[in-house]
Structure formats: C-alpha cells, structure tokens
Protein chains: 2
Amino acid sequence: MSETSGEAGGTPGERISDAEHAIMEVLWDRHPLSAAEVCDEVCETRGWSMPTVKTLLSRLVGKGALATEPAGRKFLYSPLIERSDYVGGESRRLVDRLFGGRAASLFAHLAESEALTDEDLGEIERLLKEMRK
Amino acid sequence: MSETSGEAGGTPGERISDAEHAIMEVLWDRHPLSAAEVCDEVCETRGWSMPTVKTLLSRLVGKGALATEPAGRKFLYSPLIERSDYVGGESRRLVDRLFGGRAASLFAHLAESEALTDEDLGEIERLLKEMRK
DNA sequence: TCGGTGTGTCTACAGGTGTAATCGGAGAGG
DNA sequence: CCTCTCCGATTACACCTGTAGACACACCGA
C-alpha cells in the first residue's frame, strides 16, 4: 500500500470510521469550526449530543485527521486530510475489494443494477469524451 | 436464541464484516464447501487458523448469509445471499455516503484520480454505447 | 475578585469485529 | 466395545466504534 507518511503522534492514514466521517464532512464543507459549531451542523440530523461530537473530534485529532488551532479560549478544528484523498481511498478500497481493482466492473455493476440515471449517463459520457481529447 | 422452526433467512440484511466477506468470496466462487475446504482457500492467504474460519462461518450462518447442509458427519456451507446483492449494496452505500448518491460523481472522481486505465475507459465506453441503444 | 458558562480531556460502557483455544459428541479403528 | 480423532459449537478476549457522563480549567461578566 502506498502509505505516504511515517508514524508517530498524529499519523495520518488512520482509519476514519463512519461517525467520524460525518464530522469530517462538516469540516470539509466549512472550516475552521469550533466544537459547538460542528455540533450545530450534525447534532440534530444525527441525533447526537455535544459529548459525542467532542469524542469524535478528539479521536479524529488523535488519528491525525484534524488540526486544532487555539482561538481565544476555544479550539478551532480544521481538516488535515483532503476530502478527495479520503474519498479516493475509500473508492479504491471498494473497487479493490469487490471488483478486483477493475473500476469498469463497478461501472458495469451500477449500470446493470440500474443505479445510473440518465443524468448520470449523460455526465459520464461527457466526462469520457473530455478525457479522450 | 430459541430457534423453534428451521428458519434461517429470518434476518437478512445483517451487516457482513470485512473478514466475513473474505469467507463469502470463497463460497461464491465455489460451493458447497466444508469448513476445512474454506480454510484451504483462505487460511494461508489471510494468515488465519482453522478456529477463526469456523467462527466466521458460524457468524455468517447466524446472520443468515450462509446455509448449512449436513453431509455425512460434517457440514457443507453455501451462500444464501447473492454476491451481486452484496456488491450492489456496498456500492450503493459508498456512492450514497461519499457522493451524495450521484454515481456520476464517483466516476468523475475515479477519472480525475487516474484510477481508470485505458482498458477501463474502453469498456465503459462500450457499455455506455450498449445501454444507449 | 468570584462565579458561571463554555471547552477540551478522561472515563465509561455496550455492541461489533478479528482471532483463537477449548469442549463435547459422532464416527473410525482396533 | 472402547478409545481416538475430527468437527461444529461454545467461550474468550482484546480492540474498535458509537454514544455519552463527569471533571478540570480558563475566561467573561458582575
């Protein structure tokens, strides 16, 4: 595996869990944010309480996925890893695990299971044309 | 725990974990197999021991993902759920979680991150053409 | 200066997962 | 018939995850 970093303290590359991912989404969308602000974004939708958010934030900091920046008496959190890196990693993991690394197989499967809308198809076609140039 | 009647598929949709998935792959490829045969297929590659395989098999049976069929004094295991169902579910989960349900976004991401080989592109193009018919 | 309010850290705990040792019963061999 | 062996089932245990309470401390306002 291409793990670009070494390890120690806040090593990036630690696995981000599902609940943690929800937190990351908020911070990818807008950052830096305080714990309270993050809670404002997710506590209602996910039914979480403040302590839960704080735990998740701490774990993410521990995993090296978030940076903390002292602002006044509180901390502001910002992502340390790129959303596209995470998304890419997860996508690749899925493709590897389920389709033997063949992205075309994933596509074929989505196509067969009619998970692709006309809109999807149109856009993919467009992208494809663009790449072929 | 009281299984009064022979009802095994009563809890479909139970989450299949990563290690369990490896077992499923073996059985999707070839079935029915005994525990020993499954172990032959995965124990070396994954560094598992027989007890581990048996535990995973039991859990899968418990989850309603495998059926057991007594053959002589041993049991033979067969998948109860289709590989395509599992794969489809996992794919959709990923697309939902990471791309807001838009499969085109997944494709775009794979394209951008150059995870698509020329071969992939060719095949996707072909599939696309076929669907458009 | 003193208390309240907000913030991060520590602790907790149930359920799932990875991994494996051990037990108990059903045949196989002597 | 008795023992050995093989196999599934049971039990074990550490770690991760989801969820949350309790605690300590710093600052703002009175």
Side-chain angles (χ1 to χ4, degrees), chain A residues 9-11 13-27 32-78 86 90 93 97, chain B residues 1-3 6 8 11 13-27 32-40 42-78 86 90 93 97:
Chain A
T11 304
E14 285 259 20
R15 195 89 190 84
I16 290 175
S17 80
D18 201 60
E20 287 160 2
H21 170 236
I23 302 286
M24 292 303 290
E25 284 295 342
V26 172
L27 287 163
L33 293 182
S34 67
E37 288 168 318
V38 172
C39 187
D40 284 348
E41 294 287 330
V42 289
C43 280
E44 281 174 75
T45 36
R46 308 269 306 208
W48 288 343
S49 63
M50 190 57 152
T52 300
V53 170
K54 291 193 205 167
T55 299
L56 292 171
L57 284 170
S58 296
R59 286 182 183 167
L60 284 166
V61 170
K63 289 180 180 181
L66 290 182
T68 53
E69 166 198 354
R73 86 211 87 82
K74 68 180 68 167
F75 273 42
L76 295 182
Y77 298 85
S78 301
Y86 173 73
E90 290 298 301
R93 195 187 320 285
R97 213 163 61 93
Chain B
M1 298 290 210
S2 32
E3 275 304 288
T11 321
E14 284 262 21
R15 200 82 188 89
I16 290 176
S17 80
D18 200 61
E20 287 161 1
H21 169 236
I23 301 285
M24 292 303 290
E25 283 295 341
V26 171
L27 288 163
L33 294 182
S34 68
E37 288 169 318
V38 172
C39 186
D40 284 348
V42 290
C43 281
E44 281 175 74
T45 34
R46 308 268 307 207
W48 288 343
S49 64
M50 191 56 151
T52 300
V53 170
K54 292 193 198 163
T55 299
L56 293 171
L57 284 169
S58 296
R59 286 181 184 166
L60 283 166
V61 171
K63 289 181 180 180
L66 290 181
T68 53
E69 165 196 355
R73 86 211 83 80
K74 68 180 66 169
F75 272 43
L76 295 183
Y77 298 85
S78 301
Y86 173 73
E90 291 298 301
R93 271 169 48 85
R97 213 162 63 92

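Naming: A, B, ... by sequence-line order, numbering from 1 per chain. As the structure is a computational prediction, the values presented were derived from the model and not from experiment.
Taking atom CD1 on B:Ile23 and atom P on C:dG18, their separation rounds to 10 Å, with Å as the unit. Following rounding to the nearest Å, B:Glu20 (CD) and C:dT19 (C1') show an atom-to-atom distance of 13 Å. Residue A:Arg15 contributes atom CZ, which lies 16 Å from atom C1' of D:dG18 at whole-angstrom precision. Taking atom CD1 of A:Ile16 as the reference point, atom P of D:dC16 lies 15 Å away to the nearest angstrom. Atoms CD (B:Glu37) and P (D:dC7) sit 10 Å apart, rounded to a whole Å. Distance, A:Leu60 CG to D:dG18 P: 10 Å, rounded to whole Å. The nearest whole Å value for the distance from the CG atom in B:Leu56 to the C1' atom in C:dG16 is 13 Å. With rounding to whole Å, B:Lys63 atom NZ is found 11 Å from C:dG18 atom C1'.
Atom CG of B:Leu76 and atom CG of B:Leu33 lie 8.0 Å apart (nearest 0.5 Å).
Contacts of A:Thr52 with the nucleic acid, taken as non-hydrogen atoms under 4.0 Å apart, include base atoms.
For B:Phe75, there are no ring pair (Phe, Tyr, Trp, His ring centres under 6.0 Å) partners two or more places apart in sequence or in a different chain. Partners of A:Arg97 according to the salt bridge (charged side-chain N to carboxylate O under 4.0 Å, His left out) rule, which considers only residues two or more places apart in sequence or in another chain, are B:Asp18, B:Glu90. When the salt bridge (charged side-chain N to carboxylate O under 4.0 Å, His left out) test is applied to B:Glu37, no partner is found at least two apart in sequence or on another chain. Applying the side-chain contact (heavy atoms from CB on, under 4.5 Å) criterion to B:Ala22, with sequence neighbours excluded, gives B:Arg46, B:Trp48.
When the side-chain nitrogen and oxygen atoms of A:Ser49 are compared with OP1 and OP2 of D:dA20, one or more of them lie within a distance under 4.0 Å.
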Run the side-chain donor-acceptor check on residues 50-59 of chain B: report pairs under 3.5 Å with partners two or more places apart or on a different chain.
unit_1: B:Thr55; atom_1: OG1; unit_2: B:Pro51; atom_2: O; d: 3.0
unit_1: B:Ser58; atom_1: OG; unit_2: B:Lys54; atom_2: O; d: 3.0

Could you list, one pair per line, each protein nitrogen or oxygen that sits under 3.5 Å from a nitrogen or oxygen of nucleotides 4-11 of chain C, together with the distance?
unit_1: C:dT7; atom_1: OP1; unit_2: A:Lys74; atom_2: NZ; d: 3.1
unit_1: C:dG8; atom_1: OP1; unit_2: A:Phe75; atom_2: N; d: 3.3
unit_1: C:dG8; atom_1: OP1; unit_2: A:Phe75; atom_2: O; d: 3.4
unit_1: C:dG8; atom_1: OP1; unit_2: A:Tyr77; atom_2: OH; d: 3.4
unit_1: C:dG8; atom_1: N7; unit_2: A:Lys54; atom_2: NZ; d: 3.1

